[in-house]
Amino acid sequence: MSDRKVRVRFAPSPTGPLHIGGVRTALYNYLFAKQHGGDLIFRIEDTDSSRFVPGAEEYIIESFHWLGIKFDEGVGFGGNYGPYRQSERRDIYKEYVQQLLDKGKAYIAFDTPEELEAKRKEIDNFQYDASTRQLMKNSLTLPAEVVQEMIAEGQQYVVRFLIEPGIDVVVDDMIRGEVHINSSILDDKVLFKSADQLPTYHLANIVDDHLMEVSHVIRGEEWLPSAPLHVLLYDAFGWADTMPRFAHLPLLLKPIGNGKLSKRDGDKLGFPVFPLEWHDPKNGEISSGYREKGYLPEAVLNFLALLGWNPGNDQELMSLDEMVELFDLSKCSKNGAKFDYVKAAWFNHQYLIRQPDEAWTPSFDKLLKEQGVESTPQKEAEVVRMMKLKVIEYVDGQGNKHKRNISFVSDLWPLTKFFFVAPESFDREDKFIKKNWKEETASEMRQFIQVLSSIEDFSVEGQKAVIDPWVEQNGLRPWNAWRICLVGAGQGPDMYELSAFLGKEETLRRMQFAIDTLG
Ligand code: GLU
């Protein structure tokens, strides 16, 4: 790499919610910038006013805030190269459009949409280029005075890039190597429109990358077809020496079948394709987001980082700092990466179980509130501890081994409901209940209630001191039936711990209910 300071940018257009592929693009830019001690710029490309969607810019900023991706400069971050919102840079672009016109690298075209349509009908595969521009209404075919007159009269026009045919355009891509394109296949792209006095994406993008001293353009593969045009624009301006290096990232592909990942895949298979929930201002439609689904930002970033790149060994779990260290842009894959959403849940599981207890409490608390349950952070922490909820492999109160399958905090509800809500019914077909609730069980439980009622200190130790000797004396084994009473099934923690958690009154109440119901 040259000794140029690394400056990269993420430059979304605020046309809707940020797609998850855009998040990966931003992440790779971030990793590359940090790795080289460079700057990451956040630029808003909003020159296509017809596609502007209110709230999209705020949504994008909030997404990165949640994900923990920090920009060094840009919209909302400040910096010396501003303004960073393209709609605030109109005058700058005008100046550069004029430069191209003056140099004869661009021309003014007056063709109306109807005239263009007529030409398309007349000529098969019509393209506005070297082979057709002489047939059109533009500053190359009209006398200069006429052009001036038409502009003075207020006729709408566009400025088109004059592309010389037959040039071998080389895009030197850090991932794909040299990509060659013959300029003859390119059309004279519109760079500026008089109607809204705004440049198109291509011109604004190149001018800004140049003025903001961008050293590397890292973006999705869908922009590769624009790259030859961009190379030619740098040439036309005389900026070839400082042209950024390109890296076009592999596409994100459908989890099943062929083609690009789409929102429909997410809807069909039940995973979000947006970082945050999105409320469409046009039709009120709500699209799910990773944040609202219960994903941790670290898990999302880790998952995305490995879609198109890997550190070359088997390591999968990486902090953002580790990724910065290991990331290698030139080792990104050329081939599309299948969007393995099952793996996303796996990553979330890995991050969730590594979090400290305190980190679980707020989301657990939120979950319980949603379920209409009154609780306290202390209680929740206690449940997490008792159930060994962070342990992947654990042994239950029955001595059976299980693998924990918690990918989201919401998965905790079926596992912990009984701590907060008493059993309302019992499944008589349940194996555990069938085996452990017999003819004589109700009467045994009645005796056991007597013993429990006499206990003053209902802590684990207090209960043990009374119950252990009683069990010894009577030879009764109340544990499984007691579990049925308090849990309603053959699961849960140590019985003393559970009854201490529930307290004497609730414990006795649940036992009486089971006796009355199961008989
Ligand atoms: N505004 C473009 C987008 O929406 C930027 C493409 C680029 O990075 O050059 O992704």
Side-chain angles (χ1 to χ4, degrees), residues 6-33 38-53 55-61 63-64 69 71 73-75 81 83-89 93 161 171-176 179 189-191 198-234 237 239 242-252 260-263 273-275 278 304 308 329 332:
V6 166
R7 287 176 56 81
V8 291
R9 83 302 193 268
F10 180 65
S13 300
T15 54
L18 178 63
H19 191 270
I20 199 72
V23 177
R24 188 204 48 181
T25 299
L27 172 63
Y28 281 18
N29 274 286
Y30 173 90
L31 297 177
F32 188 75
D39 302 325
L40 174 60
I41 304 163
F42 180 63
R43 185 169 77 216
I44 290 288
E45 303 208 323
D46 58 349
T47 57
D48 187 351
S49 45
S50 67
R51 296 184 61 215
F52 178 81
V53 171
E57 182 183 311
E58 293 75 7
Y59 174 97
I60 296 169
I61 291 175
S63 298
F64 290 118
I69 290 195
F71 291 86
E73 55 188 85
V75 174
Y81 295 77
Y84 293 92
R85 195 182 281 112
Q86 289 187 330
S87 57
E88 293 165 21
R89 299 169 64 80
Y93 305 126
F161 188 32
V171 180
D172 181 15
D173 190 285
M174 290 172 78
I175 297 171
R176 283 147 218 281
V179 180
K189 274 272 172 315
V190 172
L191 301 178
L198 278 170
T200 58
Y201 153 73
H202 300 290
L203 184 102
N205 187 269
I206 270 37
V207 167
D208 285 350
D209 282 350
H210 174 72
L211 295 178
M212 293 177 188
E213 295 184 50
V214 168
S215 63
H216 296 77
V217 166
I218 305 167
R219 61 185 173 190
E221 186 182 321
E222 62 274 25
W223 299 100
L224 185 58
S226 303
L229 174 74
H230 294 182
V231 170
L232 290 174
L233 272 169
Y234 280 106
F237 277 116
W239 299 334
T242 54
M243 182 169 75
R245 295 212 59 195
F246 291 103
H248 289 93
L249 305 175
L251 284 178
L252 296 186
K260 241 170 81 171
L261 173 71
S262 72
K263 176 161 151 31
V273 297
F274 303 125
W278 167 253
L304 289 177
L329 190 56
C332 286

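Just follow the structure's listing: the first ligand is 1, and inside any ligand the first atom is 1. In this chain, numbering begins with 1 at the start of the sequence shown.
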- Mind checking whether Tyr201 contacts ligand 1 via backbone (N, CA, C, O), side chain (CB onward), both or neither, at a 4.0 Å heavy-atom cut-off? side chain

- Nearest protein heavy atom to atom 8 (O) of ligand 1, by residue and atom, and its distance? Arg9 NH1, 2.7 Å

- Show which atoms of ligand 1 fall inside a sub-4.0 Å distance from at least one heavy-atom site of Asn205. 7 (C), 9 (O)

- Task: Give the ring-plane orientation class for Phe42 versus Phe71, where under 30° counts as parallel, over 60° as perpendicular and anything between as tilted.
- Result: tilted

- Task: Verify whether the ring centers belonging to Phe274 and Tyr59 lie closer than 6.0 Å.
- Result: no

- Item | Heavy atom of the protein closest to atom 10 (O) of ligand 1 (residue, atom name, distance) | Trp223 CZ2, 3.4 Å

- Message: Would you call the rings of His202 and His230 parallel, tilted or perpendicular, taking 30° and 60° as the class edges?
- Response: perpendicular

- Does the cation-pi check pass for Arg89 over Tyr84, that is, NZ or CZ under 6.0 Å from the six-membered ring centre and within 45° of its axis? no

- Query: Does any N or O atom in Ala11 lie less than 3.5 angstrom from one in ligand 1, N or O only?
  - Reply: yes

- Would you check if the side chain of Asp46 reaches a backbone N or O of Ser87 as a donor-acceptor pair within less than 3.5 Å? yes

- Note on the structure: Numbered in order shown, the ligand 1 atoms found under 4.0 Å of a heavy atom of Glu45 are 1 (N), 2 (C), 5 (C)

